[in-house]
Amino acid sequence: MDQPRKQTSPQNKERARQAAATPGVRAVKLETEKKPVAHKETEPQIRQAKTKATTIWSKTETSMGTQEKAKTLPAFSKEFKKALMVLVIATLIALLAFLPAFRLQNIESNNLYFTHLEDLLVDSGLRKGEHFLLAYEGSFNGLLTGRYRKAEQRLEAANAQIRQVEISYHFPSILRFEVEERIPVAFLDVDDLYVTLDRFGVACASYKEIPQGLPAIRGQSVIKMRLGEPIVTNADDDLKACIAVMSAIVEADFESQSEMTLLTQVKEIRSSGYQRIVLKLAPKADAGVLTVSVTSESNLKQDFLWLKRVLDSGVLEGKLPGSLDIFGSQLVFRPDSPTKNQDEIELPPYEVVTQAEGAAEEESWDSTDEDEEAWE
């Protein structure tokens with residue numbers, strides 16, 4: 001069966017016609033069309049091109065494979081990350097909720113002189129073993145500052161001996177109280193109780209027995225008394241003068257190098273009018289009473305620093321009971337039973353202590369808080 005003949009294009013017809021005219025050239029051309037001749041100079045270039053094409057194709061296949069893998073990985077990776085995150089959060093919550101390190105187990109405080117640590121815990125309303133987060137009682141401000149504000153307010157309201165307090169949690173399991181106590185300087189008789197006062201005239205605490213180591217303020221009639229507030233008497237100016245004297249005695253005890261504490265020697269204090277304060281001291285149990293008169297207008301702290309030097313020097317031994325007037329540089333001692341050797345008593349010179357000495361201790365008495373404003 002005859003196969004159909006292929007149609008010849010006009011270009012091929014023209015080449016065939018020219019080849020018929022020149023038979024030798026026709027054979028060469030036909031052979032050239034069938035198999036192009038490769039020159040030796042072009043062979044390295046052809047091999048280099050083939051190598052480059054192979055490399056490009058391999059990179060293309062690798063890139064296509066990576067893209068195909070990237071299309072399938074994200075779905076699995078996101079789910080895995082979510083599950084891992086949930087597991088980590090749940091673990092942290094469990095540790096935070098159940099580890100003993102996050103519960104109030106160990107109770108600490110700074111040095112306390114007039115209160116007990118157990119009383120602080122009870123008056124604050126906090127419980128030992130309570131979780132530290134629950135102790136904030138929903139106080140966002142307390143959570144930000146790390147302080148138990150509501151517990152601080154309860155403690156200051158319940159315990160008048162506390163002037164200021166900061167309560168905070170410290171890892172692990174430590175509940176710490178930073179307490180500033182009111183320092184009592186004297187006491188008053190109020191009905192059947194003895195009420196101690198700090199240097200602002202604030203009632204600190206009440207006792208059924210006479211507080212030891214504190215002088216009694218005499219000549220005052222109490223009108224109003226409430227613990228934690230300044231006391232009101234019938235002679236507030238005289239009361240303020242007496243407390244100012246006692247505060248100066250405390251400062252002198254802080255600054256002096258003497259082992260003798262003047263505050264414990266004072267048994268009684270009263271105002272005799274005209275800004276004159278009279279104190280009764282008992283330096284020794286069997287030595288008699290020393291009555292000291294000062295004026296509230298003088299430098300009281302310097303007066304009592306000098307008085308401590310007098311008592312430490314021993315010049316008054318065997319001369320008591322007697323009275324000592326301290327009015328600045330006018331220093332006069334008069335024994336109750338005059339003797340011939342009365343004029344031979346030489347008192348130590350009155351020396352003014354510079355402000356640089358004991359400046360750190362004096363800072364502890366500086367204050368600008370509500371107590372001072374109420375006292376003024």
Side-chain angles (χ1 to χ4, degrees), residues 183-190 194-197 199 207 209-221 233 235 238-254 256 258-350:
I183 301 176
V185 295
F187 71 89
L188 271 172
D189 296 345
V190 182
Y194 302 97
V195 179
T196 57
L197 307 177
R199 69 188 184 105
Y207 302 92
E209 298 180 356
I210 296 177
Q212 299 298 317
L214 292 176
I217 299 178
R218 303 301 184 188
Q220 300 288 322
S221 178
T233 68
D238 292 342
L239 177 63
K240 291 179 181 179
C242 291
I243 292 181
V245 168
M246 296 310 303
S247 299
I249 290 176
V250 174
E251 291 183 23
D253 283 336
F254 272 129
S256 174
S258 173
E259 296 181 359
M260 186 267 294
T261 303
L262 189 58
L263 180 64
T264 59
Q265 310 297 324
V266 182
K267 303 304 178 184
E268 183 179 308
I269 179 173
R270 70 170 62 240
S271 173
S272 61
Y274 303 102
Q275 298 178 337
R276 185 173 179 176
I277 309 300
V278 179
L279 305 92
K280 291 188 179 296
L281 285 72
K284 293 183 179 180
D286 56 349
V289 176
L290 174 63
T291 303
V292 179
S293 298
V294 296
T295 175
S296 58
E297 291 184 340
S298 65
N299 190 333
L300 293 173
K301 184 178 69 175
Q302 299 296 336
D303 292 345
F304 293 120
L305 284 171
W306 175 82
L307 179 58
K308 287 172 69 72
R309 290 197 296 272
V310 171
L311 296 177
D312 285 336
S313 67
V315 297
L316 298 181
E317 291 184 3
K319 309 296 191 298
L320 300 178
S323 61
L324 177 63
D325 295 339
I326 308 175
F327 300 111
S329 59
Q330 300 178 8
L331 312 171
V332 181
F333 173 75
R334 293 183 298 271
D336 292 349
S337 300
T339 64
K340 294 181 180 180
N341 298 328
Q342 170 183 344
D343 297 333
E344 297 179 2
I345 299 177
E346 294 184 4
L347 299 175
Y350 187 95

Point-to-point distance, once rounded to the nearest 0.5 Å, from CG of Leu281 to CG of Leu324 = 9.5 Å
Leu307 side, atom CG; Ser256 side, atom OG - distance, nearest 0.5 Å | 10.5 Å
Would you please name every residue forming a side chain to side chain donor-acceptor pair (under 3.5 Å) with Ser313, sequence neighbours left out?
-> none
Side chain to side chain, Arg334 and Asp325, heavy atoms closer than 4.5 Å = yes
How about Leu290 and Leu311: do any of their side-chain heavy atoms sit closer than 4.5 Å?
-> yes
Smallest heavy-atom separation, Val185 atom then Arg199 atom, equals CG2-N, 4.2 Å
Below 4.5 Å, heavy atoms only, C-beta onward: do Gln265 and Pro283 meet side chain to side chain?
-> yes
Between Trp306 (side chain) and Pro348 (backbone), is there a donor-acceptor pair under 3.5 Å?
-> yes
Could you give the distance from CG (Leu188) to CD1 (Ile217), rounded to the nearest 0.5 Å?
-> 5.0 Å
Kindly give the heavy-atom pair with the smallest separation between Pro184 and Thr196, and that separation in Å.
-> CB-CB, 3.9 Å
Between Glu268 and Arg270, is there a salt bridge with N-O shorter than 4.0 Å?
-> yes
Ser323 meets the side chain to side chain donor-acceptor pair (under 3.5 Å) criterion, sequence neighbours left out, with none
Can you see which heavy atom on Arg276 is nearest to which on Phe327, and at what distance?
-> NE-CZ, 3.8 Å
Atom of Gly322, atom of Asp336 and distance for their closest heavy-atom approach = CA-OD1, 3.5 Å
Give the minimum heavy-atom separation between Val278 and Ser293, together with the two atoms involved.
-> CG2-OG, 3.9 Å
May I ask you to decide if Gln275's main-chain N or O and Thr295's side chain share a donor-acceptor pair within less than 3.5 Å?
-> yes
What closest approach, in Å, do Ala248 and Lys301 show between heavy atoms, and which atom pair accounts for it?
-> CB-N, 3.9 Å
Measuring from Asp238:CG to Thr233:OG1, what's the distance to the nearest 0.5 Å?
-> 8.0 Å
Would you call Lys308 and Asp253 a salt bridge, using N to O less than 4.0 angstrom?
-> yes
Please report the C-alpha distance between Leu279 and Thr291 in whole Å, then the side-chain angles of each, then the deciding distance to 0.1 Å, and finally whether the side-chain contact (heavy atoms from CB on, under 4.5 Å) criterion is met.
-> CA-CA 6 Å; Leu279 305 92; Thr291 303; over 6 Å; no
Would the Phe187 and Tyr194 ring centres measure less than 6.0 Å apart?
-> yes
Kindly determine whether Val310 and Phe333 satisfy side-chain contact (heavy atoms from CB on, under 4.5 Å), including the steps that lead there.
-> CA-CA 11 Å; Val310 171; Phe333 173 75; over 6 Å; no
If you round to the nearest 0.5 Å, how far is OG of Ser298 from CD of Gln302?
-> 10.0 Å
With a 4.5 Å heavy-atom cut-off, do Leu316 and Leu347 have their side chains touching?
-> yes
Please check if the side chain of Thr261 supplies one atom and the backbone of Leu263 the other of a donor-acceptor pair under 3.5 Å.
-> no
How long is the gap from CG on Leu262 to CD1 on Ile249, to the nearest 0.5 Å?
-> 5.0 Å
